[in-house]
> 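Dumping the structure here so I can ask a few things about it.
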2 protein chains.
Amino acid sequence: MSLRFALLALLRVGPLSGYDLQKQFSLSVGHVWHAPDSQIYPELRKMEAEGLIEGEEQPRGQRATRRVYHVTPAGERAFLDWMGTPLEYARVRDPAHLRAAYLEAATPAAAREFFRAHISQWEGELAQWEGELRRIDAVANPMLARRLAVTEPGARERTVAFKRFTYEGLVDRARSEIAWARRGLELVEGLEAADGGWAGSRATGA
Amino acid sequence: MSLRFALLALLRVGPLSGYDLQKQFSLSVGHVWHAPDSQIYPELRKMEAEGLIEGEEQPRGQRATRRVYHVTPAGERAFLDWMGTPLEYARVRDPAHLRAAYLEAATPAAAREFFRAHISQWEGELAQWEGELRRIDAVANPMLARRLAVTEPGARERTVAFKRFTYEGLVDRARSEIAWARRGLELVEGLEAADGGWAGSRATGA
DNA sequence: ACTCTCATGTAAGTGGTTACATGATTCG
DNA sequence: CGAATCATGTAACCACTTACATGAGAGT
C-alpha cells in the first residue's frame with residue numbers, strides 16, 4: 001500500500017515518465033522503500049485508473065512515445081490524507097533474529113558465518129545511508145535539489161530536516177545491527193572456548 | 001520461506017498438534033516471526049506432503065480427532081541445512097521511515113501524532129521482548145523448559161545464551177526506535193518554534 | 001552494424017492477510 | 001444447557017518476486 005505514496009512523493013516535485021521515476025526511485029525513496037520496475041509500471045497504470053495521477057503520451061523520435069505522469073488534485077489530496085492517517089505496522093517477521101534464536105543447532109562455523117554475513121549486509125546499507133546523508137548535506141541529491149527549487153523558502157529548512165532525520169535513524173539502526181552481530185561473534189568465541197563439545201557431530205546433524 | 005523453519009524449531013523439541021503449535025507459536029517464535037493459524041495449518045500439511053514432518057491422528061473424545069505432528073529425519077536435515085545456508089535479506093521496505101522522510105508535507109499535529117504512535121508501537125514490542133528476556137532468565141517459558149529437558153547438559157548453556165542474545169538485540173532495536181521517535185518529537189517542536197508558517201493552510205493541502 | 005540506454009510492460013508463482021466456516025468437547 | 005475452548009481449516013485477495021519479452025533510438 002505504501003508504494004503508491006512513495007511514487008506520489010516523487011511525482012509531487014514534478015512530472016516524470018515511468019522510466020525516469022524508476023531511476024529516481026532507486027536513488028531516493030528506494031533507500032527506504034524498494035520497488036522493481038515490474039511493480040512500478042503497473043502501479044502507475046492503476047493509480048491513473050484511480051485518478052491519482054494522469055499520464056500524457058509524449059513523442060520520442062519518429063515512432064516511439066513515452067508516458068509522462070503528473071499528480072492530479074485527487075492524488076495530492078490522497079497523499080496528504082495518507083500523511084495524516086496512522087501507519088499500520090506490519091507484524092514482526094525477522095529472519096535474522098529467528099535464526100539467531102536457534103543458533104545452538106548450527107555449527108560454530110555456520111554461526112560465525114551468519115554473523116559475518118549480517119555485518120556485511122548492514123555495512124552495505126550503512127554505506128548507502130551515510131552516502132545519502134552526505135548528499136543531503138551537500139544538496140547533491142538531484143531529486144532533493146529539484147524539490148527545494150519547488151518549495152517555498154520558509155519550508156525548505158524542514159524539508160531538509162526531515163530527510164536528514166530519517167537517514168540518521170536508518171544509520172543508527174544499521175550501526176546497532178552491526179554492533180549486535182559483533183557481540184554475536186564474541187558470544188560464539190566464548191561458547192566455543194567454554195564448551196569443547198560444540199562443533200561435535202550433533203550440531204552437524206550426523 | 002522462514003515459516004516452516006520456525007515450525008520445525010518448535011516441533012524439534014517434541015510432537016505437537018497444529019492447535020498446540022499455534023498456541024506455543026505466539027508465546028515463543030511468534031515474537032520474531034508472526035503467523036496466523038490460517039497460515040500454520042496449511043503449511044503443516046505442505047510440510048507433511050514434503051516429508052519434513054509426519055502427523056498422527058489421535059482420538060479425542062468420542063468422534064473428534066487431533067493430528068499430532070513430529071519431525072522426520074528429513075525434516076531434521078532440512079532444518080540443520082537451513083541453519084548452514086546464508087540468509088536472504090529482504091529489500092528495505094520501511095513505511096515508518098518512508099513517511100518520516102516526507103513529514104514536511106504533514107501538519108505539525110500529524111507529525112507529532114506519527115512519532116507518538118511510533119513510540120507506543122515500539123514500547124509495546126519492547127515490553128513483549130523484555131518480558132521474554134525475564135522469562136528466559138527465570139526459565140519460566142514452558143517451551144524453553146521443555147527444550148532444555150531434551151537437550152544434553154553441555155548444550156544447555158548455549159541454548160539459553162542464543163535466546164538471551166536474540167532478545168537483547170530486539171530490545172536494543174526497540175529502544176533505538178523509541179529514542180529516534182523522541183528526537184523526532186523534539187525536531188517537530190523546534191521547527192514549529194523556528195517557523196510560524198508551518199501548520200498553515202499549505203500543509204493541510206487546502 | 002552493433003551495443004547501450006530508453007521505454008514499457010506481461011506471466012506465473014509465492015507468501016501473507018482477512019474474513020469466514022464448522023463442528024466436537026469440556027466445564028460450570 | 002450454554003459458553004468457552006479445542007480443533008481444523010477454506011476462499012478470496014493483495015503485494016511482491018522472478019523471469020521473460022519486445023522494440024525504438026542514440027552513440028561509436
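Predicted model only: the values in this text are computed from it and were never measured. In the text below, chain A, chain B and the rest are named by the order of the sequence lines, each starting its count at 1.
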> For DNA chain C, which residues of residues 50-72 of chain A approach it to below 4.0 angstrom with any heavy atom?
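Contacting residues: A:R60, A:R66, A:R67.
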
> In terms of side-chain geometry, is the basic nitrogen of A:R158 or B:E104 positioned less than 4.0 Å from the acidic oxygen of its partner?
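Salt bridge absent between A:R158 and B:E104.
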
> Between the side chains of A:T72 and A:E54, is a donor N or O closer than 3.5 angstrom to an acceptor N or O?
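There is no such pair between these side chains.
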
> Are the ring centres of B:H97 and A:Y167 closer than 6.0 Å?
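No; A:Y167 has its ring centre 6.0 Å or more from that of B:H97.
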
> Does A:R164 come within less than 4.0 Å of A:E168, counting only side-chain N to carboxylate O?
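Yes.
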
> Taking 4.0 angstrom as the limit, do A:R116 and A:E113 come out as a salt bridge?
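Salt bridge between A:R116 and A:E113, a charged N being under 4.0 Å from a carboxylate O: yes.
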
> For nucleotides 14-19 of chain C, read 5' to 3', which letter fits each nucleotide if B means a protein heavy atom sits under 4.0 Å from the base, S means only the sugar-phosphate is that close, and - means neither?
-SSSBB

> I'd like to know if B:R45 pairs up with B:E50 as an ion pair, taking the criterion as any Lys NZ or Arg NE/NH1/NH2 lying under 4.0 Å from an Asp or Glu carboxylate oxygen.
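Looking at B:R45 and B:E50, the cut-off is not met.
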
> Could you name each residue pair satisfying salt bridge (Lys or Arg N to Asp or Glu O under 4.0 Å) that touches residues 9-20 of chain A, not counting sequence neighbours?
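Counting only pairs at least two positions apart or across chains, the salt bridge (Lys or Arg N to Asp or Glu O under 4.0 Å) contacts touching residues 9-20 of chain A are A:R12-A:E76, A:D20-A:R66.
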
> Less than 4.0 angstrom from a charged side-chain N to a carboxylate O is my criterion; do A:R173 and B:D94 meet it?
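So A:R173 pairs with B:D94 through a salt bridge.
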
> Got a donor-acceptor contact below 3.5 angstrom from the A:R182 side chain to the A:I119 backbone?
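Between the backbone of A:I119 and the side chain of A:R182 there is no qualifying donor-acceptor contact (under 3.5 Å).
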
> Tell me which one of B:H118, B:E125, B:E123 satisfies side chain to side chain donor-acceptor pair (under 3.5 Å) with B:Q121.
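So the option named by the test is B:E125.
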
> Starting at atom OH of B:Y19, determine the distance to atom P of C:dT26, rounded to an integer number of angstrom.
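After rounding, the reported distance stands at 13 Å.
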
> What is the distance, rounded to the nearest whole Å, between atom CG of A:L16 and atom P of C:dA7?
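Spelled out: CG on A:L16 to P on C:dA7 is 11 Å.
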
> Salt bridge between B:E186 and B:R183, side-chain N to carboxylate O under 4.0 Å?
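Not counted as a salt bridge, because no side-chain N and carboxylate O are separated by less than 4.0 Å.
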
> Anything under 4.0 Å to a heavy atom of chain A counts; send over the first and last such nucleotide of DNA chain D, read 5' to 3'.
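Extent of the interface on DNA chain D: D:dA15 to D:dG25.
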
> Scan for ring pair (Phe, Tyr, Trp, His ring centres under 6.0 Å) pairs involving residues 13-47 of chain B, sequence neighbours excluded, and state none if there are none.
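Qualifying pairs, neighbours excluded: none.
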
> Would you say A:E43 and A:Q39 are linked by a side-chain donor-acceptor pair, where the criterion is simply a distance under 3.5 Å?
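No.
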
> Measure the angle between the two terminal helix axes of the helix from C:dA1-D:dT28 to C:dG28-D:dC1, five base pairs each, and quote it to 10°.
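It comes to 10° between the two terminal axes.
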
